[in-house]
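Comments concern the structure below.
Just so we're on the same page: letters track the sequence lines, and every chain starts at 1. In what follows, every heavy atom counts, from backbone to side chain, and hydrogens, waters and symmetry copies are set aside.
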2 protein chains.
Amino acid sequence: MTERKPSNQELRTRKDLLRAAGRLMKKGCKPTMDEVAAEAMVSRATAYRHFPRLDALLVEAPIDAAVADPVGLFANDPSDDAEARADRAEASLHEVVYQNEAQLRIMLANSIGRDMTDDTLPARQNRRLPLIEAALATSRHRFREDDYQRLCAALALIFGPESMVVFRDVLGFDAETARMVKSWAVRALVRAALEDAKSA
Amino acid sequence: MTERKPSNQELRTRKDLLRAAGRLMKKGCKPTMDEVAAEAMVSRATAYRHFPRLDALLVEAPIDAAVADPVGLFANDPSDDAEARADRAEASLHEVVYQNEAQLRIMLANSIGRDMTDDTLPARQNRRLPLIEAALATSRHRFREDDYQRLCAALALIFGPESMVVFRDVLGFDAETARMVKSWAVRALVRAALEDAKSA
DNA sequence: ATTTTAATGAGACTTTGGTCTCTTTACAAT
DNA sequence: ATTGTAAAGAGACCAAAGTCTCATTAAAAT
(Lines give C-alpha, C1' and ligand atoms only; values in the text may rest on other atoms or scores of the structure.)
Protein backbone atom coordinates (compact mmCIF):
# COMPACT_ATOMS: atom_id res chain seq x y z
CA MET A 1 0.00 0.00 0.00
CA THR A 2 2.13 2.86 -1.20
CA GLU A 3 -0.93 4.88 -2.11
CA ARG A 4 -0.35 8.56 -1.90
CA LYS A 5 -2.89 11.28 -2.20
CA PRO A 6 -1.80 13.61 -5.00
CA SER A 7 -1.60 17.25 -4.04
CA ASN A 8 -3.89 19.87 -5.47
CA GLN A 9 -1.04 21.27 -7.47
CA GLU A 10 -0.31 17.91 -9.04
CA LEU A 11 -3.92 17.44 -10.00
CA ARG A 12 -4.11 20.90 -11.46
CA THR A 13 -1.09 20.58 -13.74
CA ARG A 14 -2.13 17.09 -14.71
CA LYS A 15 -5.53 18.36 -15.75
CA ASP A 16 -3.98 21.31 -17.58
CA LEU A 17 -1.77 18.95 -19.55
CA LEU A 18 -4.65 16.70 -20.55
CA ARG A 19 -6.81 19.61 -21.60
CA ALA A 20 -3.93 21.14 -23.55
CA ALA A 21 -3.32 17.86 -25.35
CA GLY A 22 -7.00 17.57 -26.20
CA ARG A 23 -7.07 21.10 -27.55
CA LEU A 24 -4.06 20.47 -29.79
CA MET A 25 -5.28 17.09 -31.01
CA LYS A 26 -8.53 18.59 -32.16
CA LYS A 27 -6.47 20.36 -34.78
CA GLY A 28 -5.79 16.97 -36.32
CA CYS A 29 -2.12 16.30 -35.99
CA LYS A 30 -0.16 14.57 -33.28
CA PRO A 31 1.20 17.25 -31.00
CA THR A 32 4.71 17.27 -29.72
CA MET A 33 5.51 17.08 -26.02
CA ASP A 34 6.98 20.58 -26.28
CA GLU A 35 3.78 21.86 -27.82
CA VAL A 36 1.60 20.31 -25.16
CA ALA A 37 3.83 21.65 -22.41
CA ALA A 38 3.81 25.12 -23.95
CA GLU A 39 0.04 25.05 -24.41
CA ALA A 40 -0.35 24.04 -20.78
CA MET A 41 2.13 26.71 -19.74
CA VAL A 42 4.30 24.16 -18.08
CA SER A 43 7.89 23.08 -18.41
CA ARG A 44 8.64 20.13 -20.66
CA ALA A 45 10.30 18.29 -17.80
CA THR A 46 7.14 18.67 -15.75
CA ALA A 47 5.06 17.25 -18.56
CA TYR A 48 7.31 14.19 -18.64
CA ARG A 49 7.04 13.88 -14.88
CA HIS A 50 3.28 13.48 -15.07
CA PHE A 51 3.20 11.42 -18.26
CA PRO A 52 6.39 9.43 -18.75
CA ARG A 53 5.45 8.83 -22.39
CA LEU A 54 3.70 11.03 -24.87
CA ASP A 55 1.45 8.08 -25.65
CA ALA A 56 0.13 8.02 -22.12
CA LEU A 57 -0.87 11.64 -22.42
CA LEU A 58 -2.59 11.22 -25.75
CA VAL A 59 -4.47 8.09 -24.72
CA GLU A 60 -5.87 9.80 -21.65
CA ALA A 61 -6.63 13.08 -23.35
CA PRO A 62 -10.30 13.86 -22.92
CA ILE A 63 -12.81 13.97 -25.71
CA ASP A 64 -14.33 17.25 -24.75
CA ALA A 65 -17.36 16.82 -26.91
CA ALA A 66 -19.95 15.56 -24.49
CA VAL A 67 -19.28 11.88 -24.55
CA ALA A 68 -22.42 9.86 -24.62
CA ASP A 69 -23.38 9.33 -21.02
CA PRO A 70 -24.81 5.85 -20.68
CA VAL A 71 -26.90 6.80 -17.69
CA GLY A 72 -28.16 10.06 -19.09
CA LEU A 73 -29.00 8.71 -22.51
CA PHE A 74 -31.59 6.28 -21.20
CA ALA A 75 -32.55 8.13 -18.05
CA ASN A 76 -36.13 8.83 -19.08
CA ASP A 77 -36.57 5.89 -21.37
CA PRO A 78 -38.13 2.86 -19.75
CA SER A 79 -38.64 1.18 -23.14
CA ASP A 80 -37.57 -2.43 -23.42
CA ASP A 81 -37.18 -2.47 -27.18
CA ALA A 82 -33.63 -3.78 -27.15
CA GLU A 83 -33.15 -3.30 -30.88
CA ALA A 84 -34.17 0.34 -30.84
CA ARG A 85 -32.20 1.13 -27.71
CA ALA A 86 -29.00 -0.47 -28.99
CA ASP A 87 -29.41 1.36 -32.26
CA ARG A 88 -29.93 4.62 -30.46
CA ALA A 89 -26.85 4.05 -28.33
CA GLU A 90 -24.79 3.40 -31.43
CA ALA A 91 -26.15 6.52 -33.12
CA SER A 92 -25.08 8.58 -30.14
CA LEU A 93 -21.59 7.13 -30.07
CA HIS A 94 -21.38 7.47 -33.84
CA GLU A 95 -21.79 11.22 -33.52
CA VAL A 96 -19.05 11.53 -30.94
CA VAL A 97 -16.67 9.34 -32.91
CA TYR A 98 -17.06 11.17 -36.20
CA GLN A 99 -16.97 14.57 -34.53
CA ASN A 100 -13.63 13.68 -32.98
CA GLU A 101 -12.19 11.63 -35.79
CA ALA A 102 -8.74 13.21 -35.86
CA GLN A 103 -8.25 12.96 -32.13
CA LEU A 104 -9.50 9.39 -31.95
CA ARG A 105 -7.23 8.29 -34.79
CA ILE A 106 -4.22 9.58 -32.90
CA MET A 107 -5.37 7.84 -29.75
CA LEU A 108 -6.02 4.61 -31.59
CA ALA A 109 -2.73 4.61 -33.44
CA ASN A 110 -0.83 5.15 -30.23
CA SER A 111 -2.64 2.47 -28.27
CA ILE A 112 -2.52 -0.12 -31.03
CA GLY A 113 1.13 0.30 -31.80
CA ARG A 114 2.38 -0.04 -28.28
CA ASP A 115 4.86 -2.74 -27.55
CA MET A 116 2.84 -5.64 -26.27
CA THR A 117 5.47 -6.82 -23.83
CA ASP A 118 5.35 -3.43 -22.16
CA ASP A 119 2.71 -3.14 -19.46
CA THR A 120 3.74 0.27 -18.19
CA LEU A 121 1.26 1.96 -20.48
CA PRO A 122 -2.29 2.57 -19.36
CA ALA A 123 -4.89 0.23 -20.74
CA ARG A 124 -7.43 1.65 -23.11
CA GLN A 125 -10.40 3.17 -21.50
CA ASN A 126 -13.59 1.47 -22.38
CA ARG A 127 -16.55 3.69 -22.93
CA ARG A 128 -18.53 1.39 -25.10
CA LEU A 129 -19.39 -1.48 -22.79
CA PRO A 130 -21.22 0.67 -20.24
CA LEU A 131 -23.14 2.19 -23.11
CA ILE A 132 -24.06 -1.20 -24.54
CA GLU A 133 -25.06 -2.50 -21.15
CA ALA A 134 -27.23 0.52 -20.50
CA ALA A 135 -28.96 -0.07 -23.81
CA LEU A 136 -29.66 -3.70 -23.01
CA ALA A 137 -30.46 -3.14 -19.34
CA THR A 138 -34.24 -3.11 -19.64
CA SER A 139 -34.32 -6.34 -21.60
CA ARG A 140 -31.46 -8.23 -20.12
CA HIS A 141 -33.79 -10.78 -18.58
CA ARG A 142 -34.73 -11.96 -22.06
CA PHE A 143 -31.22 -13.19 -22.81
CA ARG A 144 -29.42 -16.23 -21.59
CA GLU A 145 -26.32 -15.08 -19.74
CA ASP A 146 -23.92 -16.52 -22.32
CA ASP A 147 -25.86 -15.04 -25.19
CA TYR A 148 -25.84 -11.70 -23.46
CA GLN A 149 -22.07 -11.67 -23.04
CA ARG A 150 -21.58 -12.74 -26.61
CA LEU A 151 -23.94 -10.08 -27.89
CA CYS A 152 -22.15 -7.37 -25.92
CA ALA A 153 -18.81 -8.44 -27.36
CA ALA A 154 -20.16 -8.52 -30.90
CA LEU A 155 -21.70 -5.08 -30.49
CA ALA A 156 -18.39 -3.80 -29.17
CA LEU A 157 -16.93 -4.51 -32.61
CA ILE A 158 -19.42 -2.12 -34.13
CA PHE A 159 -19.60 0.63 -31.55
CA GLY A 160 -16.10 2.00 -31.26
CA PRO A 161 -13.78 4.12 -33.38
CA GLU A 162 -12.26 0.99 -34.93
CA SER A 163 -15.32 0.57 -37.11
CA MET A 164 -14.81 4.12 -38.34
CA VAL A 165 -11.33 3.16 -39.46
CA VAL A 166 -12.64 0.17 -41.37
CA PHE A 167 -15.38 2.15 -43.02
CA ARG A 168 -13.15 5.03 -44.02
CA ASP A 169 -9.77 3.48 -44.75
CA VAL A 170 -10.75 0.06 -46.01
CA LEU A 171 -14.19 0.55 -47.53
CA GLY A 172 -14.10 4.24 -48.33
CA PHE A 173 -17.54 4.91 -46.84
CA ASP A 174 -18.66 8.27 -45.54
CA ALA A 175 -20.19 8.78 -42.10
CA GLU A 176 -23.81 8.46 -43.21
CA THR A 177 -23.31 5.23 -45.12
CA ALA A 178 -21.34 3.83 -42.23
CA ARG A 179 -24.14 4.73 -39.88
CA MET A 180 -26.71 2.89 -42.00
CA VAL A 181 -24.63 -0.26 -42.14
CA LYS A 182 -23.99 -0.16 -38.44
CA SER A 183 -27.63 0.46 -37.66
CA TRP A 184 -28.63 -2.59 -39.66
CA ALA A 185 -25.92 -4.76 -38.13
CA VAL A 186 -26.70 -3.72 -34.57
CA ARG A 187 -30.37 -4.53 -34.97
CA ALA A 188 -29.61 -7.81 -36.70
CA LEU A 189 -27.31 -8.94 -33.90
CA VAL A 190 -29.72 -8.00 -31.11
CA ARG A 191 -32.52 -9.79 -32.93
CA ALA A 192 -30.36 -12.85 -33.42
CA ALA A 193 -29.49 -13.01 -29.73
CA LEU A 194 -33.16 -12.78 -28.83
CA GLU A 195 -33.92 -15.58 -31.27
CA ASP A 196 -31.27 -17.72 -29.67
CA ALA A 197 -32.93 -17.24 -26.31
CA LYS A 198 -36.33 -18.27 -27.65
CA SER A 199 -35.12 -21.41 -29.36
CA ALA A 200 -33.15 -22.58 -26.35
CA MET B 1 3.37 9.49 -68.27
CA THR B 2 6.70 9.56 -66.48
CA GLU B 3 6.63 5.81 -65.96
CA ARG B 4 10.07 4.33 -65.67
CA LYS B 5 11.04 0.73 -65.59
CA PRO B 6 12.99 0.06 -62.38
CA SER B 7 16.31 -1.63 -62.88
CA ASN B 8 17.04 -5.10 -61.63
CA GLN B 9 19.28 -3.68 -58.98
CA GLU B 10 16.53 -1.43 -57.69
CA LEU B 11 14.10 -4.30 -57.50
CA ARG B 12 16.60 -6.47 -55.69
CA THR B 13 17.39 -4.02 -52.94
CA ARG B 14 13.75 -3.11 -52.58
CA LYS B 15 12.87 -6.74 -52.10
CA ASP B 16 15.75 -7.21 -49.67
CA LEU B 17 14.51 -4.31 -47.60
CA LEU B 18 10.97 -5.60 -47.45
CA ARG B 19 12.05 -9.07 -46.49
CA ALA B 20 14.41 -7.70 -43.87
CA ALA B 21 11.62 -5.60 -42.40
CA GLY B 22 9.31 -8.58 -42.30
CA ARG B 23 11.92 -10.69 -40.59
CA LEU B 24 12.50 -8.07 -37.92
CA MET B 25 8.82 -7.36 -37.37
CA LYS B 26 8.13 -11.01 -36.67
CA LYS B 27 10.15 -10.51 -33.53
CA GLY B 28 7.36 -8.29 -32.32
CA CYS B 29 8.73 -4.81 -32.02
CA LYS B 30 8.88 -1.98 -34.49
CA PRO B 31 12.33 -2.04 -36.06
CA THR B 32 14.31 1.12 -36.67
CA MET B 33 15.42 2.13 -40.12
CA ASP B 34 19.01 1.43 -39.12
CA GLU B 35 18.12 -2.09 -38.11
CA VAL B 36 16.26 -2.80 -41.31
CA ALA B 37 19.09 -1.38 -43.38
CA ALA B 38 21.66 -3.43 -41.49
CA GLU B 39 19.55 -6.59 -41.79
CA ALA B 40 19.24 -5.99 -45.52
CA MET B 41 22.98 -5.25 -45.72
CA VAL B 42 22.30 -1.90 -47.23
CA SER B 43 23.17 1.66 -46.34
CA ARG B 44 20.66 3.67 -44.36
CA ALA B 45 20.54 6.33 -47.05
CA THR B 46 19.66 3.68 -49.60
CA ALA B 47 16.84 2.43 -47.46
CA TYR B 48 15.41 5.93 -47.31
CA ARG B 49 15.76 6.28 -51.05
CA HIS B 50 13.47 3.33 -51.64
CA PHE B 51 11.06 4.05 -48.79
CA PRO B 52 10.92 7.74 -47.94
CA ARG B 53 9.25 6.94 -44.61
CA LEU B 54 9.71 4.03 -42.29
CA ASP B 55 5.93 3.67 -42.29
CA ALA B 56 5.87 2.97 -45.99
CA LEU B 57 8.33 0.15 -45.51
CA LEU B 58 6.44 -1.42 -42.65
CA VAL B 59 3.07 -1.14 -44.32
CA GLU B 60 4.33 -2.92 -47.40
CA ALA B 61 6.29 -5.54 -45.51
CA PRO B 62 4.99 -8.96 -46.45
CA ILE B 63 2.96 -11.18 -44.18
CA ASP B 64 4.92 -14.28 -44.86
CA ALA B 65 2.37 -16.62 -43.42
CA ALA B 66 0.37 -17.81 -46.36
CA VAL B 67 -2.34 -15.22 -46.53
CA ALA B 68 -5.73 -16.76 -47.00
CA ASP B 69 -6.26 -17.02 -50.72
CA PRO B 70 -9.90 -16.29 -51.53
CA VAL B 71 -9.79 -18.31 -54.71
CA GLY B 72 -7.98 -21.27 -53.25
CA LEU B 73 -10.05 -21.50 -50.12
CA PHE B 74 -13.29 -22.21 -51.95
CA ALA B 75 -11.80 -23.78 -55.07
CA ASN B 76 -13.29 -27.22 -54.49
CA ASP B 77 -16.31 -26.17 -52.52
CA PRO B 78 -19.45 -25.68 -54.56
CA SER B 79 -21.58 -25.45 -51.41
CA ASP B 80 -24.05 -22.62 -51.27
CA ASP B 81 -24.41 -22.55 -47.50
CA ALA B 82 -23.61 -18.86 -47.13
CA GLU B 83 -23.46 -19.00 -43.35
CA ALA B 84 -20.95 -21.85 -43.26
CA ARG B 85 -18.81 -20.40 -46.02
CA ALA B 86 -18.63 -16.96 -44.45
CA ASP B 87 -17.77 -18.54 -41.13
CA ARG B 88 -15.06 -20.63 -42.72
CA ALA B 89 -13.60 -17.58 -44.46
CA GLU B 90 -13.47 -15.75 -41.16
CA ALA B 91 -11.83 -18.70 -39.46
CA SER B 92 -9.14 -18.73 -42.09
CA LEU B 93 -8.45 -15.01 -41.80
CA HIS B 94 -8.58 -15.31 -38.02
CA GLU B 95 -5.64 -17.68 -38.11
CA VAL B 96 -3.54 -15.38 -40.25
CA VAL B 97 -4.35 -12.35 -38.13
CA TYR B 98 -3.52 -13.93 -34.81
CA GLN B 99 -0.40 -15.60 -36.18
CA ASN B 100 0.88 -12.21 -37.30
CA GLU B 101 -0.48 -10.11 -34.50
CA ALA B 102 2.66 -8.11 -33.78
CA GLN B 103 3.31 -7.28 -37.39
CA LEU B 104 -0.29 -6.37 -38.10
CA ARG B 105 -0.45 -4.09 -35.09
CA ILE B 106 2.50 -2.12 -36.42
CA MET B 107 0.90 -1.92 -39.83
CA LEU B 108 -2.43 -0.84 -38.40
CA ALA B 109 -0.97 1.77 -36.11
CA ASN B 110 0.98 3.28 -38.96
CA SER B 111 -1.93 3.40 -41.36
CA ILE B 112 -4.41 4.73 -38.81
CA GLY B 113 -2.18 7.44 -37.46
CA ARG B 114 -1.12 8.89 -40.74
CA ASP B 115 -1.91 12.50 -41.30
CA MET B 116 -5.11 12.48 -43.26
CA THR B 117 -4.14 15.43 -45.38
CA ASP B 118 -1.04 13.55 -46.50
CA ASP B 119 -1.56 11.33 -49.53
CA THR B 120 2.06 10.37 -50.02
CA LEU B 121 1.57 7.16 -48.09
CA PRO B 122 0.24 4.06 -49.76
CA ALA B 123 -3.40 3.32 -49.13
CA ARG B 124 -4.30 0.25 -47.13
CA GLN B 125 -4.55 -2.89 -49.07
CA ASN B 126 -7.81 -4.67 -48.73
CA ARG B 127 -7.63 -8.41 -48.43
CA ARG B 128 -10.92 -8.96 -46.71
CA LEU B 129 -13.46 -7.94 -49.33
CA PRO B 130 -12.28 -10.45 -51.93
CA LEU B 131 -12.45 -13.10 -49.25
CA ILE B 132 -15.97 -12.11 -48.21
CA GLU B 133 -17.13 -11.98 -51.79
CA ALA B 134 -15.68 -15.39 -52.50
CA ALA B 135 -17.54 -16.76 -49.52
CA LEU B 136 -20.85 -15.30 -50.67
CA ALA B 137 -20.30 -15.99 -54.36
CA THR B 138 -22.32 -19.19 -54.59
CA SER B 139 -25.34 -17.63 -52.91
CA ARG B 140 -25.20 -14.10 -54.11
CA HIS B 141 -28.35 -14.52 -56.15
CA ARG B 142 -30.31 -14.93 -52.94
CA PHE B 143 -29.58 -11.40 -51.80
CA ARG B 144 -30.98 -8.13 -52.97
CA GLU B 145 -28.11 -6.04 -54.29
CA ASP B 146 -28.40 -3.44 -51.52
CA ASP B 147 -28.59 -6.09 -48.85
CA TYR B 148 -25.54 -7.78 -50.30
CA GLN B 149 -23.46 -4.61 -50.20
CA ARG B 150 -24.59 -3.89 -46.69
CA LEU B 151 -23.78 -7.41 -45.55
CA CYS B 152 -20.31 -7.25 -47.05
CA ALA B 153 -19.62 -3.99 -45.25
CA ALA B 154 -20.89 -5.34 -41.95
CA LEU B 155 -18.78 -8.47 -42.30
CA ALA B 156 -15.75 -6.30 -43.05
CA LEU B 157 -16.05 -4.98 -39.51
CA ILE B 158 -15.59 -8.47 -38.16
CA PHE B 159 -13.04 -9.91 -40.55
CA GLY B 160 -9.96 -7.71 -40.24
CA PRO B 161 -7.25 -7.11 -37.68
CA GLU B 162 -9.28 -4.25 -36.17
CA SER B 163 -11.57 -6.73 -34.47
CA MET B 164 -8.51 -8.34 -32.92
CA VAL B 165 -7.60 -4.99 -31.41
CA VAL B 166 -11.07 -4.59 -29.93
CA PHE B 167 -11.10 -8.09 -28.52
CA ARG B 168 -7.65 -7.88 -27.02
CA ASP B 169 -7.22 -4.27 -25.98
CA VAL B 170 -10.77 -3.32 -25.10
CA LEU B 171 -12.42 -6.56 -24.04
CA GLY B 172 -9.40 -8.56 -22.95
CA PHE B 173 -10.48 -11.69 -24.85
CA ASP B 174 -8.08 -14.37 -26.03
CA ALA B 175 -8.02 -15.65 -29.59
CA GLU B 176 -10.36 -18.59 -29.00
CA THR B 177 -13.06 -16.54 -27.30
CA ALA B 178 -12.77 -13.92 -30.00
CA ARG B 179 -13.20 -16.57 -32.63
CA MET B 180 -16.39 -17.86 -31.01
CA VAL B 181 -17.94 -14.41 -30.84
CA LYS B 182 -16.99 -13.66 -34.41
CA SER B 183 -18.33 -16.97 -35.62
CA TRP B 184 -21.69 -16.29 -34.01
CA ALA B 185 -21.84 -12.73 -35.31
CA VAL B 186 -20.89 -13.67 -38.86
CA ARG B 187 -23.58 -16.33 -39.01
CA ALA B 188 -26.16 -14.04 -37.46
CA LEU B 189 -25.48 -11.29 -40.00
CA VAL B 190 -25.59 -13.61 -43.00
CA ARG B 191 -28.84 -15.09 -41.72
CA ALA B 192 -30.32 -11.65 -41.19
CA ALA B 193 -29.46 -10.56 -44.72
CA LEU B 194 -31.10 -13.67 -46.09
CA GLU B 195 -34.20 -12.98 -43.99
CA ASP B 196 -34.35 -9.46 -45.38
CA ALA B 197 -34.37 -10.84 -48.89
CA LYS B 198 -37.24 -13.22 -48.09
CA SER B 199 -39.45 -10.62 -46.48
CA ALA B 200 -38.96 -8.13 -49.29
C1' DA C 1 8.46 33.56 10.28
C1' DT C 2 11.32 29.86 9.32
C1' DT C 3 12.34 25.49 7.85
C1' DT C 4 11.37 21.46 5.33
C1' DT C 5 9.55 19.17 1.47
C1' DA C 6 7.71 18.42 -2.92
C1' DA C 7 6.83 20.25 -7.37
C1' DT C 8 8.54 22.96 -11.06
C1' DG C 9 11.91 25.10 -14.35
C1' DA C 10 16.05 24.96 -17.09
C1' DG C 11 19.07 22.78 -19.78
C1' DA C 12 22.51 19.12 -21.15
C1' DC C 13 22.60 14.69 -23.30
C1' DT C 14 21.19 10.26 -26.12
C1' DT C 15 18.60 7.90 -29.67
C1' DT C 16 15.88 7.66 -33.75
C1' DG C 17 13.33 9.48 -37.82
C1' DG C 18 14.26 11.98 -41.67
C1' DT C 19 16.88 15.19 -45.16
C1' DC C 20 20.80 16.55 -47.60
C1' DT C 21 25.23 16.49 -50.16
C1' DC C 22 29.10 14.42 -51.99
C1' DT C 23 31.73 10.55 -53.34
C1' DT C 24 32.23 5.85 -54.99
C1' DT C 25 30.74 1.83 -57.12
C1' DA C 26 28.18 -0.97 -60.38
C1' DC C 27 25.87 -1.45 -64.75
C1' DA C 28 25.04 -0.87 -69.62
C1' DA C 29 25.91 0.98 -74.18
C1' DT C 30 29.04 1.82 -77.47
C1' DA D 1 37.97 -1.54 -72.84
C1' DT D 2 35.93 2.97 -72.13
C1' DT D 3 32.62 6.02 -70.81
C1' DG D 4 28.13 7.89 -69.27
C1' DT D 5 24.52 7.17 -65.98
C1' DA D 6 22.14 5.70 -62.06
C1' DA D 7 22.29 3.43 -57.75
C1' DA D 8 24.68 2.74 -53.44
C1' DG D 9 27.68 4.31 -49.58
C1' DA D 10 29.26 7.63 -46.12
C1' DG D 11 28.43 11.00 -43.12
C1' DA D 12 26.89 15.75 -41.68
C1' DC D 13 22.86 17.77 -40.12
C1' DC D 14 18.09 18.86 -37.90
C1' DA D 15 13.92 17.89 -35.01
C1' DA D 16 11.54 15.38 -31.61
C1' DA D 17 11.24 11.61 -27.92
C1' DG D 18 12.99 10.61 -23.74
C1' DT D 19 16.38 10.68 -19.56
C1' DC D 20 19.07 13.03 -16.22
C1' DT D 21 20.87 16.56 -12.99
C1' DC D 22 20.65 20.67 -10.50
C1' DA D 23 18.79 25.01 -9.24
C1' DT D 24 14.39 27.45 -7.93
C1' DT D 25 10.00 28.17 -6.41
C1' DA D 26 5.72 27.18 -4.05
C1' DA D 27 3.27 24.68 -0.42
C1' DA D 28 2.98 22.80 4.17
C1' DA D 29 4.53 22.05 8.83
C1' DT D 30 6.57 23.57 12.86
Report summary line: Taken to the nearest whole Å, CZ/F51(B) to P/dG17(C) is 15 Å

Query - Under the side chain to side chain donor-acceptor pair (under 3.5 Å) test, residues paired with R85(A) that sit two or more places apart - result: T138(A)

Report summary line: Comparing R49(B) with R12(A), nearest DNA chain D nucleotide closer to 5' gives the residue R49(B)

Query raised in the report: Between F143(A) and Y148(A), how do the two ring planes meet: parallel, tilted or perpendicular, split at 30° and 60°?
Result: tilted

Query raised in the report: For L11(A) and dA7(C), what is the distance between atoms CG and P respectively, to the nearest whole Å?
Result: 11 Å

Query raised in the report: Nearest-Å distance, CE (M41(A)) to C1' (dT8(C))?
Result: 14 Å

Query raised in the report: In whole Å, what is the span from the CG atom of L17(A) to the P atom of dA7(C)?
Result: 14 Å

All N/O contacts under 3.5 Å from nucleotides 13-19 of chain D to the protein, with atom names and distances to one decimal?
unit_1, atom_1, unit_2, atom_2, d
dA16(D), O3', T32(A), OG1, 3.0
dA17(D), OP1, T32(A), OG1, 3.1
dA17(D), OP2, T32(A), OG1, 2.7
dA17(D), OP2, M33(A), N, 3.3
dG18(D), OP1, R53(A), NH1, 3.2
dG18(D), OP2, L54(A), N, 2.9
dG18(D), N7, R44(A), NH1, 3.3
dG18(D), O6, R44(A), NH2, 2.9
dT19(D), OP2, P52(A), O, 3.4
dT19(D), O4, R44(A), NH2, 3.4

Query raised in the report: By side chain to side chain donor-acceptor pair (under 3.5 Å), which residues pair with E145(B), not counting sequence neighbours?
Result: R140(B), Q149(B)

Query raised in the report: Would you say S43(B) reaches dA8(D)'s phosphate, i.e. side-chain N/O to OP1/OP2 under 4.0 Å?
Result: no

Kindly list each side-chain donor-acceptor pair under 3.5 angstrom involving residues 72-79 of chain B, sequence neighbours excluded, with atom names and distances?
unit_1, atom_1, unit_2, atom_2, d
D77(B), OD1, S79(B), N, 2.9
D77(B), OD2, R88(B), NH1, 2.6
S79(B), OG, D81(B), N, 3.0

Report task. Tell me who clusters with L57(A), hydrophobic residues only, linked when side chains sit under 4.5 Å apart either directly or through other members. Result -> L17(A), L18(A), L24(A), M25(A), M33(A), V36(A), V42(A), Y48(A), F51(A), L54(A), L58(A), I106(A)

What donor-acceptor contacts under 3.5 angstrom involve side-chain atoms of residues 157-165 of chain A, with partners at least two apart or in another chain?
unit_1, atom_1, unit_2, atom_2, d
E162(A), OE1, R128(A), NH1, 2.8
E162(A), OE1, R128(A), NH2, 3.1
E162(A), OE2, R124(A), NH1, 2.8
E162(A), OE2, R124(A), NH2, 2.9
E162(A), OE2, R128(A), NH2, 3.1
S163(A), OG, I158(A), O, 3.1
S163(A), OG, G160(A), O, 3.0

**Report entry** Phosphate contact (dA7(C) OP1 or OP2) by H50(A) side-chain N/O below 4.0 Å
**Finding:** no

Query raised in the report: Of all the nucleotides listed (dA27(D), dG9(D), dG9(C)), which has the minimum atom distance to the side chain of V42(B)?
Result: dG9(D)

Query - Interatomic distance where CD belongs to Q9(A) and P belongs to dT5(C) [whole Å] - result: 17 Å

